[in-house]
Amino acid sequence: MNLSVTADPTSFNFVDQFHLGGVLATLQLLEQLNLRQTPHTLLDVGCGLGGSARLAAIEYGCDVIGLDLTADYIATANFINKIPSVKAILNKSEVKHFVCDVTDMSSIISSSSVDSAMLIHVGMNICDKNKLASEIFRVLRPNGRLALFDIMLAPTASPSNLLFPLPFASCPSSAHVDTELVYTKAFTQNGFVLQSSYDKTSFCLDYIEKSSPPPTPLNLTMCMGSATKEKMRNVKKLLQSSVLVPIQQVYEKPP
């Protein structure tokens, strides 16, 4: 396939939005932000291959800054952004991706410089939720919103109940799954006001049940490796048994 000629952002949806719920989950999250206010800069915290950032730019015409610690993800995201057919759809929106530790964004993002932020399936790999919350609070402008969608540990569950490998962690040492209460405490103690919190278990189970990989080389195996099917089976079991809970939360930085 000649990507420079044939590609458009939807060509990559199954791999550049490989979180539970895919594109629909991203759209539902973006609806929680005030992205139609112009000019508007959105921060994508833990952007992966940049699919959610591009979707935001296409749907709302906002500029997006994406940050991720994985250099290969950022290189791929920026490559896709520069494909002429993708660039044409992005129109005048500026979408840029940078390698960065999202618990210390000071080298890339100055204080009170972005209008809103989103975080999708990122916190499960970050041990220090307090530091994450503090950094996002720092970079948001007053009245700025953060919309996050993470897989969290159920209140009655224990990390020992987890099955591995999982889509976000191949072994226990790389899994930092916390409860909704831990998230809420971390973000509110750092100044955020919780606006809403929503359990998306049914939505995610329905997505897993109905989704199937496209008949092209662009599939989840590119991101999750040969154990993709096992990882998806395990996360499905943990959702069904109420060990894991996918939660969407919205926070706001006070004036």
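Both backbone and side-chain heavy atoms feed into the values below; hydrogens, waters and symmetry mates do not.
Pro159 has its side chain within reach of Leu153: a pair of non-hydrogen atoms, C-beta onward, lies under 4.5 Å apart. Between Leu239 and Ile208 the shortest side-chain heavy-atom distance falls below 4.5 Å. Annotation: side chain of Leu69 is not in contact with side chain of Val102 (no heavy-atom distance under 4.5 Å). Considering only heavy atoms from C-beta on, Gln195 stays 4.5 Å or farther from Gln32 through its side chain. Using a 4.5 Å heavy-atom cutoff, the side chains of Gln37 and Ser116 are not in contact. Side-chain atoms of Asn234 and Leu162, non-hydrogen and from C-beta on, never get closer than 4.5 Å to each other. Residues Leu166 and Val177 are not in side-chain contact: their nearest non-hydrogen atoms beyond the backbone lie 4.5 Å or more apart. Residues Pro246 and Phe149 have side chains in contact (heavy-atom distance under 4.5 Å, counting atoms from C-beta outward).
Between the side chain of Thr76 and the backbone N or O of Asp72 there is at least one donor-acceptor pair closer than 3.5 Å. Looking at Arg138, its side chain does come within 3.5 Å of a backbone N or O of Ile109 through a donor-acceptor pair. Proximity of a side-chain donor or acceptor of Asp63 to a complementary backbone N or O of Thr41 within less than 3.5 Å is not detected. Side-chain N or O atoms of Asn125 include one that pairs as donor or acceptor with a backbone N or O of Ser174 at under 3.5 Å. The backbone N or O of Tyr251 lies less than 3.5 Å from no partner atom in the side chain of Arg145, so there is not a single donor-acceptor pair. A donor-acceptor pair under 3.5 Å links the side-chain atoms of His40 to the main chain of Asn34, judged by distance alone. Counting only distance, with no hydrogens or angles, the side chain of Asp150 and the backbone of Gly123 share a donor-acceptor pair below 3.5 Å. For the pair Asp206 (side chain) and Ser202 (backbone), a donor-acceptor distance under 3.5 Å is absent.
Contact between Ala57 and Val95 at its shortest, heavy atoms only, is CB-CG2, 3.6 Å. Residues Asn190 and Ala133 come closest through the heavy atom pair ND2-CB, 3.9 Å. Counting all heavy atoms, side chain and backbone alike, His19 lies closest to Thr26 at NE2-OG1, 2.8 Å. The heavy-atom pair separating Ala175 from Phe168 by the smallest distance is CB-CE1, 4.4 Å. When all heavy atoms of Pro155 and Thr179 are compared, the pair lying nearest together is CA-CG2, 4.4 Å. Contact between Ile151 and Val235 at its shortest, heavy atoms only, is CD1-CG2, 4.4 Å.
A side-chain contact (heavy atoms from CB on, under 4.5 Å) with Arg233 is found for exactly one of Lys231, Lys229, Lys236, namely Lys229.
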Before giving the answer on side chain to side chain contact (heavy atoms under 4.5 Å, CB included), spell out for Asp115 and Arg141 the whole-Å C-alpha distance, their side-chain angles and the decisive distance to 0.1 Å.
-> CA-CA 6 Å; Asp115 299 293; Arg141 292 190 175 102; 2.8 Å; yes

Verdict with reasoning, Ile136 to Met105, per side chain to side chain contact (heavy atoms under 4.5 Å, CB included) | CA-CA 9 Å; Ile136 297 174; Met105 300 182 274; 4.2 Å; yes

Report the C-alpha distance between Met118 and Asp44 in whole Å, list the side-chain angles of each, state the deciding distance to 0.1 Å, and finish with yes or no for side chain to side chain contact (heavy atoms under 4.5 Å, CB included).
-> CA-CA 5 Å; Met118 66 176 170; Asp44 188 359; 3.5 Å; yes

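By the rule that hydrophobic residues join a cluster once side-chain heavy atoms approach within less than 4.5 Å of another member, Val182 and Tyr198 end up as members of separate clusters. Phe164 and Leu20 fall within a single hydrophobic cluster, where Ile, Leu, Val, Met, Phe, Trp and Tyr side chains are chained together by heavy-atom contacts under 4.5 Å. When hydrophobic clusters are built by joining Ile, Leu, Val, Met, Phe, Trp and Tyr residues whose side-chain heavy atoms come closer than 4.5 Å, directly or via intermediates, Phe192 is grouped together with Tyr183. No continuous path of hydrophobic side-chain contacts links Tyr73 to Leu119 [ILVMFWY only; heavy atoms under 4.5 Å]. In terms of hydrophobic clustering, with Ile, Leu, Val, Met, Phe, Trp and Tyr side chains grouped at heavy-atom distances under 4.5 Å, Leu140 and Val122 are assigned to a common cluster.
Expressed to the nearest 0.5 Å, how far OG of Ser241 lies from CG of Asn161 amounts to 8.0 Å. Note that the CD1 atom of Ile247 and the OG atom of Ser196 stand 11.0 Å from one another [nearest 0.5 Å]. Distance check: Cys204 SG to Glu209 CD gives 13.0 Å after rounding to the nearest 0.5 Å. The CZ atom of Arg54 sits 14.0 Å away from the NZ atom of Lys87 when rounded to the nearest 0.5 Å. Here the straight-line distance linking atom NZ of Lys210 with atom CG of Leu205 works out to 12.0 Å at 0.5 Å rounding. To the nearest 0.5 Å, the span separating CD1 on Ile126 from CD on Glu135 amounts to 11.0 Å.
Side chains of Ser197 and Glu180: a donor-acceptor N/O pair is present below 3.5 angstrom, by distance only. Side chains of Asn91 and Ser93: no donor on one and acceptor on the other come within 3.5 Å. For the 3.5 Å distance criterion, the side chains of Asp101 and Thr103 qualify, holding a donor opposite an acceptor.
A cation-pi arrangement is not found for Lys129 relative to Phe187, the charged atom failing to lie both closer than 6.0 Å to the ring centre and inside a 45° cone about the ring normal.
Taking the ring pair (Phe, Tyr, Trp, His ring centres under 6.0 Å) definition, one finds that His97 meets it with nothing, sequence neighbours left out. Remark: Tyr60 pairs with no residue by the ring pair (Phe, Tyr, Trp, His ring centres under 6.0 Å) rule, at least two apart or across chains.
Ile74 belongs to a hydrophobic cluster whose remaining members, ordered by chain and number, are Val99; membership requires side-chain heavy atoms of ILVMFWY residues under 4.5 Å apart, directly or through intermediates.
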